[in-house]
There are 2 protein chains.
Amino acid sequence: MRIGDVAAAAGVSTRALRYYEEQGLLTSERSPSGQRHYGDDAVRRVRWIQALYAAGLNSKAITGLLPCVHTGVATDEMITHLAAERDRIDAQIRDLTTTRERLDGIIDAARDRNPECDLSAEAATAGSAG
Amino acid sequence: MRIGDVAAAAGVSTRALRYYEEQGLLTSERSPSGQRHYGDDAVRRVRWIQALYAAGLNSKAITGLLPCVHTGVATDEMITHLAAERDRIDAQIRDLTTTRERLDGIIDAARDRNPECDLSAEAATAGSAG
DNA sequence: CTAAAACCTGACGTTGACGTCAAAGGCAGC
DNA sequence: GCTGCCTTTGACGTCAACGTCAGGTTTTAG
């Protein structure tokens with residue numbers, strides 16, 4: 001696969017892929033003319049990178065985790081690190097859940113206060129995800 | 001309360017509080033000499049601001065939501081907006097939960113592969129939160 | 001062969017929530 | 001009035017994950 005294919009398949013820009021390579025997160029074979037070529041697992045790797053970015057990790061942290069994430073092989077230290085990041089994600093989920101519940105409470109209270117609002121709006125919101 | 005008191009109580013910097021005021025997220029009374037003074041609810045408001053930042057909202061979005069969040073009074077439009085943000089937080093929680101579960105799977109698999117690792121390390125991780 | 005599309009490196013630009021420093025004014029204890 | 005801490009405005013610095021543009025090369029479609 002060439003860089004554009006991987007980018008399309010993973011839903012990121014080619015710039016992002018070059019950035020990942022620059023950060024040591026992604027490697028590529030080069031054709032004689034210098035063009036990048038990737039194996040099929042590159043897409044899964046990029047999806048992992050995105051997921052870990054979304055979880056609040058930065059490039060350096062991901063660099064430390066990706067080897068064992070991708071290969072399944074990890075040293076004790078790596079596992080400790082993995083568990084620590086998992087705990088951080090857990091805490092993040094808890095905080096977000098609290099915020100979500102409080103928002104829910106406010107929404108419900110406001111709907112009680114107001115004349116039933118327009119419930120069709122909520123159905124529209126649920127449909128227009130993206 | 002003066003700005004330093006609010007900052008300490010809410011766990012943020014005074015710079016952050018001035019920034020919130022600059023963004024229209026937080027108001028303050030001024031003493032004749034120009035120093036800021038806050039009511040007790042300022043701390044709760046700041047905690048809300050932090051929670052919404054942590055949920056991925058930016059200053060502009062928070063500006064639109066804070067009035068109804070804090071007072072409980074909301075127009076139909078505000079409620080729609082609130083519900084939309086709640087849905088986004090939901091999606092974020094789902095993504096994070098997926099990532100967390102996959103990390104868990106990797107950790108378990110690596111522990112099976114390795115000789116039981118050192119389980120004391122995990123207890124240490126659980127204790128050193130912060 | 002040609003034109004278009006994709007790719008390359010290199011480098012500067014962007015954004016947002018602050019950090020940090022400077023220079024000056026205000027407030028409490030002594 | 002001195003000392004020391006807190007506060008003020010103003011303005012530049014930061015950091016990370018890219019966006020974007022420039023100028024050139026390579027691959028592909030017809």
Side-chain angles (χ1 to χ4, degrees), chain A residues 1-39 42-43 45-66 85 88-89 92 95-96 99, chain B residues 1-39 42-43 45-66 85 88-89 92 95-96 99:
Chain A
M1 301 178 81
R2 295 167 67 188
I3 193 171
D5 303 326
V6 177
V12 302
S13 68
T14 60
R15 176 70 177 91
L17 295 183
R18 295 195 192 98
Y19 176 74
Y20 298 161
E21 184 168 328
E22 189 185 325
Q23 298 292 308
L25 299 174
L26 191 62
T27 55
S28 59
E29 307 284 312
R30 294 301 186 106
S31 75
S33 64
Q35 303 219 354
R36 293 175 178 84
H37 285 272
Y38 300 88
V43 176
R45 194 176 175 90
V46 171
R47 293 219 169 103
W48 258 114
I49 295 173
Q50 290 277 306
L52 293 176
Y53 274 138
L57 286 78
N58 60 17
S59 295
K60 191 179 174 185
I62 298 177
T63 306
L65 295 187
L66 259 192
E85 294 294 353
R88 288 180 55 174
I89 294 175
Q92 213 177 131
D95 288 348
L96 284 177
T99 300
Chain B
M1 301 177 82
R2 294 167 67 185
I3 194 170
D5 303 324
V6 177
V12 301
S13 67
T14 59
R15 176 67 178 94
L17 295 182
R18 294 195 193 97
Y19 176 73
Y20 299 160
E21 184 169 327
E22 187 183 325
Q23 298 293 310
L25 299 174
L26 190 62
T27 55
S28 61
E29 308 284 311
R30 296 300 187 107
S31 75
S33 63
Q35 305 218 350
R36 292 174 178 83
H37 286 270
Y38 300 88
V43 176
R45 194 177 177 93
V46 171
R47 293 217 168 105
W48 258 113
I49 295 173
Q50 292 276 305
L52 294 177
Y53 275 138
L57 285 79
N58 60 18
S59 295
K60 192 180 174 185
I62 298 177
T63 306
L65 295 186
L66 259 192
E85 295 293 354
R88 289 179 53 174
I89 294 175
Q92 213 176 132
D95 289 349
L96 285 177
T99 300

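To find a chain, count down the sequence lines: A is the first, B the second, and so on, and within it residues start at 1.
Rounded to whole angstrom, the span from the CZ atom of B:Arg36 across to the P atom of C:dC27 amounts to 15 Å.
Every residue meeting the side-chain contact (heavy atoms from CB on, under 4.5 Å) condition with B:Arg47, not counting sequence neighbours, appears here in chain and number order: B:Val43.
Separating the CD1 atom in B:Ile89 from the CG atom in B:Leu96 is a distance of 11.5 Å, to the nearest 0.5 Å. The CD1 atom of B:Ile3 lies 9.5 Å from the CD atom of B:Gln35; values are rounded to the nearest 0.5 Å. With rounding to the nearest 0.5 Å, the separation of CG in B:Leu66 from CD in B:Gln23 is 12.0 Å.
Listed for the A:Asp5 side chain is a donor-acceptor partner under 3.5 Å among the backbone atoms of A:Arg2.
Other residues, nucleotides and ligands contribute more than 12 heavy atoms inside 6.0 Å of the CD atom of A:Glu22.
For the pair B:Gln35 and B:Gln50, nearest-nucleotide mapping onto DNA chain C gives the more 5' position to B:Gln50. Nucleotides of DNA chain D nearest to B:Asp5 and A:Lys60 differ in position, and the one nearer the 5' end is that of B:Asp5.
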message: Please determine whether side chain to side chain donor-acceptor pair (under 3.5 Å) holds for the pair A:Tyr53 and A:Ser59, giving the CA-CA distance in whole Å, both sets of side-chain angles, and the decisive distance to 0.1 Å.
response: CA-CA 8 Å; A:Tyr53 274 138; A:Ser59 295; 2.7 Å; yes
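A nucleotide of DNA chain D counts as in contact with chain B when one of its atoms lies under 4.0 Å from a heavy atom; the first and last such, 5' to 3', are D:dC6 to D:dA11.
Two residues are said to be in side-chain contact when any heavy atoms from C-beta on lie closer than 4.5 Å; B:Leu57 and B:Arg88 fail this criterion.
Scanning residues 9-33 of chain B for heavy-atom distances under 4.0 Å to DNA chain D yields B:Arg15, B:Arg18, B:Arg30.
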